Undergrad: 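If you scroll down you'll find the structure; I have some questions about it.
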Amino acid sequence: MTDTRPSDDEAAFIAAARSNDAARFALITERHRRELQVHCYRMLANYEDAQDLTQETFLRAWNKRESFKGHAALRTWLYRIATNACLDFLDKRNDRTPVPAELPDADSEVRHLQPYPDRMLPEDPQESVVARETIELAFIAAVQHLPPRQRAVFVLRDVLGWPASKAADALELTVASVTSALQRARVTMRERLPGRRLDWRSPATHELSDDERGVVRSYMDAHERNDLTGLMALLRDDLRFAMLPEPGTLILTAEDAVDGWVSGGLFQRGHDDWRCIATTVNRMPAAALYLRTPGDPEHRLLNIAVLHIVDGRIAELTGFDATGKPWLGLPATL
């Protein structure tokens with residue numbers, strides 16, 4: 001990531017800080033909200049936490065406004081504050097680390113993982129170049145397996161493209177420490193994302209393919225028709241399934257997956273009147289699932305199913321409870 005803001009931005013910021021003009025200060029920093037929120041999300045894997053820490057970043061920036069001299073770009077200064085705010089948060093929250101899985105097929109789970117609504121992603125085309133592969137759920141979950149400071153080094157260096165000296169300064173580490181942490185982080189990421197490319201800064205498409213859109217349509221159609229055979233045909237035999245925040249990430253056959261859903265009550269009387277709408281979160285294809293229960297005139301938003309599609313079939317299905325989450329930008333009823 002390069003600093004592209006003109007020097008006038010820094011000058012206006014310094015003037016606002018020196019004059020204690022809170023309104024002008026807020027106007028200037030607000031331009032960076034979306035990218036800072038994505039940065040906090042990569043650090044924390046939780047949309048609501050990212051919102052809170054972005055606001056904390058702006059509060060800290062206001063309190064430290066006199067320390068900004070314009071020697072570094074405003075954007076860099078804000079990223080430094082945001083990174084350290086996230087590290088402070090993680091130091092205090094033991095519940096924001098992966099926990100042992102309750103099933104033998106998965107070694108640990110990120111139960112606090114939340115989806116990220118695409119409408120809140122940065123509009124800056126330079127940021128969106130890498131947004132998909134560094135915002136997808138598998139990437140976000142993998143990053144959470146890094147210790148917090150190692151995580152910060154990895155995000156600053158390999159995602160944002162900061163030089164080692166700049167990352168070291170932001171984290172108050174030596175360049176040697178940053179280099180060592182990055183090497184360890186890359187090893188972990190290769191283990192967590194086998195078979196996926198690790199050159200996060202090279203251009204990557206963020207548009208859904210026709211193949212992905214077609215699978216989503218078929219998935220929604222099968223769901224609405226309670227077509228278990230059709231649903232099963234869309235799933236890979238080595239499907240990875242999770243329903244968050246409930247425990248139990250599973251790697252199982254398509255038949256076992258569907259049998260498990262049915263035994264849990266889905267597609268049975270009272271849970272068989274579905275409507276779906278296609279959406280995207282984390283720049284991934286997804287289906288919002290609406291259920292109408294007996295006696296209710298409306299279909300109500302229940303879950304969102306996020307799909308990772310490989311060769312025309314669903315390789316990973318991550319379900320999230322979508323109730324009470326207006327920030328997803330989905331209608332509550334249909």
Side-chain angles (χ1 to χ4, degrees), residues 1-93 96 114-131 134-135 148 152 155-156 159-162 166-167 169-172 281-283 324-332:
M1 183 189 70
T2 57
D3 295 310
T4 58
R5 297 288 182 192
S7 58
D8 288 350
D9 202 26
E10 282 73 43
F13 182 84
I14 292 172
R18 288 177 177 172
S19 65
N20 289 326
D21 186 344
R24 179 62 176 161
F25 183 96
L27 184 64
I28 296 170
T29 54
E30 185 65 25
R31 301 170 190 169
H32 302 273
R33 178 179 293 275
R34 288 195 176 194
E35 59 181 303
L36 290 171
Q37 189 164 295
V38 168
H39 177 60
C40 292
Y41 177 72
R42 287 180 178 130
M43 288 287 295
L44 305 174
N46 185 279
Y47 181 82
E48 290 165 320
D49 289 343
Q51 281 186 312
D52 291 344
L53 268 294
T54 302
Q55 201 59 39
E56 172 67 14
T57 296
F58 290 149
L59 178 60
R60 291 189 183 193
W62 173 252
N63 291 335
K64 297 179 179 180
R65 61 191 180 279
E66 293 183 358
S67 69
F68 181 75
K69 306 299 183 184
H71 302 311
L74 173 60
R75 194 183 202 192
T76 299
W77 187 69
L78 291 171
Y79 266 94
R80 175 176 182 159
I81 294 173
T83 302
N84 284 286
C86 289
L87 290 175
D88 290 345
F89 174 86
L90 291 169
D91 283 343
K92 298 174 183 176
R93 295 291 296 268
R96 286 298 181 263
Q114 289 182 334
Y116 200 98
D118 281 10
R119 63 189 179 85
M120 295 304 298
L121 289 171
E123 297 176 353
D124 183 346
Q126 292 304 311
E127 183 72 13
S128 65
V129 161
V130 296
T134 60
I135 204 72
V155 172
L156 292 176
V159 177
L160 300 182
W162 285 22
K166 189 173 172 182
D169 181 62
L171 299 172
E172 298 183 346
V281 295
N282 296 73
R283 294 210 186 280
K325 296 179 176 61
W327 44 266
L328 284 170
L330 295 166

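Treat the numbers as computed from the prediction; the structure is a model and nothing was measured. Values below: every heavy atom of this structure, side chains too, minus hydrogens, waters and symmetry copies.
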Undergrad: For the atom pair CZ (Arg119) and CG (Leu330), what is the distance rounded to the nearest 0.5 Å?
TA: 8.5 Å
Undergrad: Could you tell me whether the side chain of Tyr47 reaches within less than 4.5 Å of the side chain of Lys325, counting heavy atoms only?
TA: no
Undergrad: For the pair Arg24 (side chain) and Ala15 (backbone), establish whether a donor and an acceptor sit closer than 3.5 Å, ignoring hydrogens and angles.
TA: no
Undergrad: Kindly indicate, with the supporting measurements, whether the criterion side-chain contact (heavy atoms from CB on, under 4.5 Å) is fulfilled by Leu121 and Arg34.
TA: CA-CA 6 Å; Leu121 289 171; Arg34 288 195 176 194; over 6 Å; no
Undergrad: Can you give me the closest heavy-atom contact between Cys86 and Leu53, atom names plus distance?
TA: N-CD1, 3.9 Å
Undergrad: State the OG1-CZ distance between Thr57 and Arg80, to the nearest 0.5 angstrom.
TA: 13.5 Å
Undergrad: Looking only at heavy atoms, which two atoms of Cys40 and Thr54 are closest? And how far apart?
TA: SG-OG1, 4.0 Å
Undergrad: Starting at CG of Leu328, measure out to CE of Met120 and round the result to the nearest 0.5 Å.
TA: 11.5 Å
Undergrad: Apply side-chain contact (heavy atoms from CB on, under 4.5 Å) to the pair Phe13 and Trp77, showing each step before the final yes or no.
TA: CA-CA 12 Å; Phe13 182 84; Trp77 187 69; 3.4 Å; yes
Undergrad: So, do Thr83 and Val155 sit near enough that their side-chain heavy atoms are less than 4.5 Å apart?
TA: no
Undergrad: Any idea which heavy atoms bring Ala82 and His39 closest together, and the distance?
TA: CB-CD2, 4.1 Å
Undergrad: Using modelled atom types only, decide if a donor and an acceptor are shared between the side chain of Arg42 and the backbone of Thr134 within a distance under 3.5 Å.
TA: yes
Undergrad: Would you call the rings of Trp162 and Tyr79 parallel, tilted or perpendicular if under 30° counts as parallel and over 60° as perpendicular?
TA: perpendicular
Undergrad: Checking the side chain of Tyr41 only, and the main-chain atoms of Gln114 only, is there a donor and an acceptor separated by less than 3.5 Å?
TA: yes
Undergrad: Hydrogens and angles aside, do Trp327 and Glu48 bring a side-chain donor and acceptor to less than 3.5 Å of each other?
TA: yes
Undergrad: Under the salt bridge (charged side-chain N to carboxylate O under 4.0 Å, His left out) rule, collect the residues that match up with Asp21, sequence neighbours excluded.
TA: none
Undergrad: Return yes if some donor-acceptor pair links the side-chain N/O of Asn282 with the main-chain N/O of Ile135 below 3.5 Å, else return no.
TA: yes
Undergrad: For Pro117 and Val281, which heavy atoms make the closest approach, and how far apart are they?
TA: CA-CG1, 4.3 Å
Undergrad: Kindly indicate whether a cation-pi arrangement holds for Arg65 with Trp62, taking the cut-offs as under 6.0 Å to the six-membered ring centre and within 45° of the axis.
TA: yes
Undergrad: Specify the closest pair of heavy atoms between Leu90 and Met43, including all atoms of both residues, with the distance to one decimal.
TA: CD1-O, 4.1 Å
Undergrad: How about Asn20 and Phe25: do any of their side-chain heavy atoms sit closer than 4.5 Å?
TA: no
Undergrad: Under a 4.0 Å N-O cut-off, is there an ion pair linking Glu35 with Arg75?
TA: yes
Undergrad: Considering residues at least two apart in sequence or located in another chain, which fulfil the side-chain hydrogen bond (donor to acceptor under 3.5 Å, both in side chains) criterion with Glu30?
TA: Arg33
Undergrad: Only counting residues at least two apart or in another chain, list the ones meeting side chain to side chain contact (heavy atoms under 4.5 Å, CB included) with Asp49.
TA: Leu44, Asn46, Phe89, Arg96
Undergrad: State, to 0.1 Å, how close Arg60 and Ile81 come at their nearest heavy-atom pair, and which atoms those are.
TA: CB-CG2, 3.7 Å
Undergrad: Between Asn84 (side chain only) and Ala170 (backbone N and O only), is there a donor and an acceptor less than 3.5 Å apart?
TA: yes
